[in-house]
2 protein chains.
Amino acid sequence: MTDTTDAMGADAAALADRIHAAGLKVTAVRLAVLHALESAPHAGADALFTAVRGDVTGTSVQAVYGVLTSFTAAGLVRRIEPAGSPARYELRTGDNHHHVVCTGCGAVGDVDCVVGEAPCLTPSNTGGFSAQSAEVTFWGLCASCQRAERA
Amino acid sequence: MTDTTDAMGADAAALADRIHAAGLKVTAVRLAVLHALESAPHAGADALFTAVRGDVTGTSVQAVYGVLTSFTAAGLVRRIEPAGSPARYELRTGDNHHHVVCTGCGAVGDVDCVVGEAPCLTPSNTGGFSAQSAEVTFWGLCASCQRAERA
DNA sequence: CCGTTGTCTTGACCGATTCAAAACAACTAA
DNA sequence: TTAGTTGTTTTGAATCGGTCAAGACAACGG
């Protein structure tokens, strides 16, 4: 039992199980990244590194990138890359939900596309392409940027 | 009249007009970029530079970036950034069409989203965000990658 | 044809991410 | 419980796509 697991309290075991169930070794950095992603969804690599740095001493950005790469490959996290901003990572995988990106500050929110997924996300003419998945990104303003806009 | 305009034949005047109409000065690099984009839609900056290099001697990648930036600002071209690949540029602006990206080779195709734009591209819960535009990206395989897949 | 204004050239620089080798730690099996 | 194997992290450098800045230069209106 290390300081790292202590810092996360009772969740640590559950996090470790999820990592282990994905066929990955349980390490301090991985626990810290998973923990950070739970409290900060849609975080980028640098934000995660900052968070991880608080839990694990002597770690590096490359370690975080490595963790994120293995997590993504294992299906534990999903990577999104909004145009014009560094990659973000989230724990909601499996359900294919979509995202809203704030054009002001770059904040990202989740969007469940409820209505008529079938009709509109089936392209009309794909010009020989076989479309296998669709990804929707909405662009707008987040709550606080809307407030700032009015001022 | 330079070699550049000669190489493009009768189109040169039309291209020059479009650049001029956008409020930009007509230069050799700009003509070459516009010409290259007509024969290679969804081209990236390096592909455009390679094409431009054939028309204009002694030019640079930065010049192409500069042209693309001013073109984008002027509304002459639209910039798209598929996840995991460098930015692409296209001349179809105004109509908000969408794209298919080949997961095999990165090729990009246009897609007109015909059906039910209103219902499905209006998100259900935006969590305080004000969605102003929607962007759809389809992922699949292009014709030649489908063929390669079967082999 | 001249002057102004905007564009291009040249070269350095930056952020985000990846690569590589060696040190190291987690898990497995004895 | 411990040793070995295998996978991870550390450390450091390098790559890729793109931007920034200053001076040289060219387009276009007058």
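The sequence lines fix the lettering, A, B, ..., with proteins before strands; numbering per chain opens at 1.
Regarding D46(A), its CG atom lies at a distance of 16 Å from the C1' atom of dT18(C), rounded to whole Å. The CD-P distance, from E81(B) to dT17(C), rounds to 13 Å in whole Å. Note: OH (Y89(B)) to C1' (dG17(D)) measures 10 Å, nearest angstrom. For the pair D17(A) CG and dC27(C) P, the interatomic distance rounds to 11 Å; values are reported in whole Å. Between the OH atom of Y65(B) and the C1' atom of dC13(C) there is a distance of 14 Å, rounded to whole Å. Remark: P of dA16(C) and CG of L68(A) are 14 Å apart, rounded to the nearest angstrom. Summarising the geometry, the separation between CG on L48(A) and P on dA16(C) is reported as 13 Å, rounded to the nearest angstrom. Taking atom CZ of R30(B) as the reference point, atom C1' of dT9(C) lies 14 Å away to the nearest angstrom.
Heavy-atom contacts from other residues, nucleotides or ligands closer than 6.0 Å to CZ of R53(B) number 12 or fewer.
Counting atom types as modelled, Q62(B) pairs no side-chain N or O with a base atom of dG18(D) as donor and acceptor under 3.5 Å.
In the set dG18(D), dT9(C), dA27(D), the nucleotide with an atom closest to the side chain of A63(B) is dT9(C). Between dG17(D), dA26(D), dA16(C), one nucleotide has an atom nearer to the side chain of K25(B) than all others, and that is dA26(D). You'll find that the side chain of S60(A) is closest to dT10(D), out of dT9(D), dG17(D), dT10(D). For T59(A), the side-chain atoms get nearest to dT10(D) when compared with the rest of dT10(D), dT8(D), dG6(C). Among the nucleotides dT9(C), dA26(D), dC27(C), the one closest to the side chain of V26(A) is dC27(C).
No donor-acceptor pair closer than 3.5 Å links the side chain of T72(A) to the backbone N or O of R79(A).
Summary of the strand contacts: H20(B) and R88(B) both lie near DNA chain D, and taking for each the nucleotide with the nearest heavy atom, the more 5' one is attributed to R88(B). The 5' end of DNA chain D is approached more closely, in terms of each residue's nearest nucleotide, by T57(A) than by the other of R79(B) and T57(A).
The shortest non-hydrogen separation linking V111(A) to V100(A) is CG2-CG2, 3.0 Å.
The side chain of S70(A) places no N or O atom within less than 4.0 Å of a non-bridging phosphate oxygen (OP1 or OP2) of dG7(D).
Side-chain contact, H98(A) with E135(B): no donor N or O sits under 3.5 Å from an acceptor N or O.
Using a 4.0 Å heavy-atom criterion, one finds that V67(A) contacts the sugar-phosphate atoms exclusively. At a threshold of 4.0 angstrom between heavy atoms, the contacts of G58(A) are confined to the sugar-phosphate backbone, with no base atom among them.
Here the rule is side chain to side chain contact (heavy atoms under 4.5 Å, CB included) with V33(B), and of I19(B), L15(B), V67(B) only V67(B) fits it.
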